[in-house]
Amino acid sequence: MSTFLMPLEPITSLDAYLAAGGRAGVEAAQRIGPAATIDTITRSGLRGRGGGGFPTGRKWSGIASQTGTRRYVVCNGAEGEPGTFKDRALLRANPYQFVEGVIIATFAVGADEAFICLKASFERELEAVTRAVQEMQRSGICSDCTVNIVAGPDEYLFGEEKAMLEVIEGKPPLPRWFPPYEQGLFATGPQEGWESGASRPRAGGPNPTLVNNVETLSNVPHILANGADWFRSMGTPESPGTVVATVVGDVVAPDVGEVELGTPLRAVIDAVGSGVHAGRDVKAVFSGVANPVVTADQLDVPVSYEAFSAIGSGMGAAGFIVYDDTACMVDAAYRMSRFLYIESCGQCPPCKIGSGEITTMLERIETGAGEDTDIANIEAWLGRVTDGNRCYLAVEERLVVSSILRAFPEEFVDHIENHRCPRPERRPIPKLLDLADGKATYDERFWQKQPDWTYQSL
Ligand SMILES: Cc1cc2nc3c(=O)[nH]c(=O)nc-3n(C[C@H](O)[C@H](O)[C@H](O)COP(=O)(O)O)c2cc1C
Ligand code: SF4
């Protein structure tokens with residue numbers, strides 16, 4: 001199996017990185033120039049690993065083509081999707097390839113500065129990235145690059161690109177209206193709403209800003225060093241390369257592992273998570289909390305953007321949450337909906353109010369107090385929850401909950417008719433604090449988080 005992103009042993013010094021062939025990517029980019037660098041990334045077929053799978057080369061050329069304005073690069077290392085730990089694993093294993101990718105992206109799109117955004121709570125990764133940036137600047141690989149490291153809040157929305165720009169500008173993670181390629185960092189207008197208090201520093205025009213995920217950028221130096229055809233020799237025609245997958249939930253040893261795109265989901269669960277426990281079967285798999293459920297009869301789906309889309313789901317950031325046949329799917333729906341309700345910022349009332357109502361009704365059904373009308377009411381809210389949405393979180397609520405209702409209707413009927421949950425074993429929402437040595441540590445404190453983002457004291 002081809003792997004190149006996750007070394008067997010972590011690379012913890014620039015010398016070790018250079019000895020392993022590091023720097024060849026940035027040298028190739030400097031040799032061929034920005035336009036040919038973007039062309040190489042386009043031909044490689046690399047797609048964004050942050051969840052959406054957008055073609056990276058197309059994104060870069062869209063930013064580079066907007067001349068007469070400042071441009072910026074933002075690296076998204078917020079990694080807030082439940083069930084996902086691959087960016088942190090990559091930064092622990094090799095922060096240098098990521099920083100080299102940042103340098104190449106900044107050069108290719110002609111950006112003034114780069115911002116690397118991680119959560120303040122990711123102390124180990126912040127330290128690794130800071131060290132890598134300093135070592136690479138000192139060694140002359142990029143002595144004149146301005147790379148800022150931003151330690152952001154723990155909120156899920158910090159990872160949403162429009163909210164991330166707000167955080168860089170010193171504000172809370174509330175998604176703005178315009179996408180970063182239209183209205184980037186410190187852009188002058190258009191007016192987005194009334195602001196009291198000091199106005200933010202604005203200069204230069206629309207300032208189109210490139211936002212890319214940590215794994216996306218980690219691929220970049222390898223593609224420049226080895227060529228687009230090399231990258232296309234792995235994976236599938238529509239999803240070339242490898243993906244760093246996370247497998248958590250009801251598996252023997254939750255972990256992160258790099259697999260070739262196109263590998264069947266069943267094989268990924270076995271190879272990365274060591275499979276489900278003896279005597280158990282997989283009942284459902286979720287890619288984060290952003291995509292429709294994958295059911296047991298669909299486990300042979302290849303892990304690729306196109307194959308997941310063909311079964312009506314999405315590969316997302318390849319963070320797979322596995323439920324075995326003892327799991328209650330009403331409880332799964334309740335907990336995922338609660339996560340999205342709590343993390344919704346409330347700028348769009350149908351999103352906050354709707355996800356709250358859906359969560360309340362799911363909890364009622366789960367505890368055996370549900371009524372027949374609850375299902376119809378949930379479905380009605382699912383139709384409205386995305387009205388006027390500024391960001392994709394509201395869509396996630398609709399996709400996840402409606403897919404569980406569709407795939408497991410008998411479980412909802414059973415709860416309502418028999419006034420009890422037949423599978424009372426509870427699973428936490430896999431918001432990961434750490435994942436190492438086959439052990440996942442979940443954020444138990446999340447249960448105390450309230451819809452206004454304060455924490456209830458016990
Ligand atoms: C609610 C929400 C949370 C997100 N969280 C993350 C995240 O933690 N990391 C990430 O890379 N992308 C996240 N995204 C996707 C980003 O908005 C953006 O699409 C991505 O960083 C683009 O990078 P890529 O093209 O390299 O995939 C999130 C999106 C939404 C709607
Ligand atoms: S859709 Fe939801 S999470 Fe996104 S900006 Fe609107 S209220 Fe906030």
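Start at 1 with the first residue, then count along the sequence. Heavy atoms only: backbone and side chains are in, while hydrogens, waters and symmetry mates are out. All ligand and atom numbering here is 1-based and tracks the order in the structure.
Residues I365 and Y334 have side chains not in contact (no heavy-atom distance under 4.5 Å, counting atoms from C-beta outward).
Annotation: G80 places an N or O atom under 3.5 Å from an N or O atom of ligand 1; distance criterion only. Between E396 and ligand 1, a contact under 3.5 Å exists for no N or O pair. For ligand 1, the polar-atom distance check against G159 finds a nitrogen or oxygen pair separated by under 3.5 Å. Between Y392 and ligand 1, no pair of N/O atoms sits closer than 3.5 Å.
Nearest protein neighbour of atom 25 (O) of ligand 1, counting heavy atoms only, is K59 NZ, 2.8 Å. Looking at atom 12 (N) of ligand 1, its nearest protein heavy atom turns out to be N76 ND2, 3.2 Å. Looking from atom 4 (Fe) of ligand 2 to the surrounding protein, the closest heavy atom is C391 SG, 2.4 Å. The closest protein non-hydrogen atom to atom 2 (Fe) of ligand 2 is C351 SG, 2.4 Å. When hydrogens are left out, the protein atom nearest atom 18 (C) of ligand 1 is E161 OE1, 3.5 Å; that is the closest non-hydrogen contact. Of the protein's non-hydrogen atoms, the one nearest atom 27 (O) of ligand 1 is G50 N, 2.8 Å. The closest protein non-hydrogen atom to atom 8 (Fe) of ligand 2 is C345 SG, 2.3 Å. Among protein heavy atoms, the minimum distance from atom 11 (O) of ligand 1 is reached at N213 ND2, 2.8 Å.
Distances shorter than 4.0 angstrom do not occur between any heavy atom of K352 and any atom of ligand 2. Ligand 1 has at least one atom lying under 4.0 Å from a heavy atom of Y156. Heavy-atom distances between K162 and ligand 1 stay at or above 4.0 Å for every pair.
Residue R49 touches ligand 1 through its backbone alone, judged by heavy-atom distances below 4.0 Å.
Of all atoms in ligand 1, numbered sequentially from 1 with element shown, those under 4.0 Å from a heavy atom of T216 are 24 (P), 26 (O).
Ion pairing between K86 and E81 fails under the 4.0 Å rule for side-chain N and carboxylate O.
Figure legend: R427 and Y323 shown without cation-pi pairing, the cationic atom not lying both under 6.0 angstrom from the six-membered ring centre and within 45 degrees of its axis. The side-chain tip of K352 points at the ring of Y341 from less than 6.0 angstrom away and within 45° of straight on. Cation-pi geometry between R70 and Y72 is not satisfied (NZ or CZ under 6.0 Å from the ring centre, within 45° of the ring normal).
Taking 2.8 Å as the criterion, C348 does not count as a coordinating residue of atom 8 (Fe) of ligand 2, since none of its N, O or S atoms falls below it.
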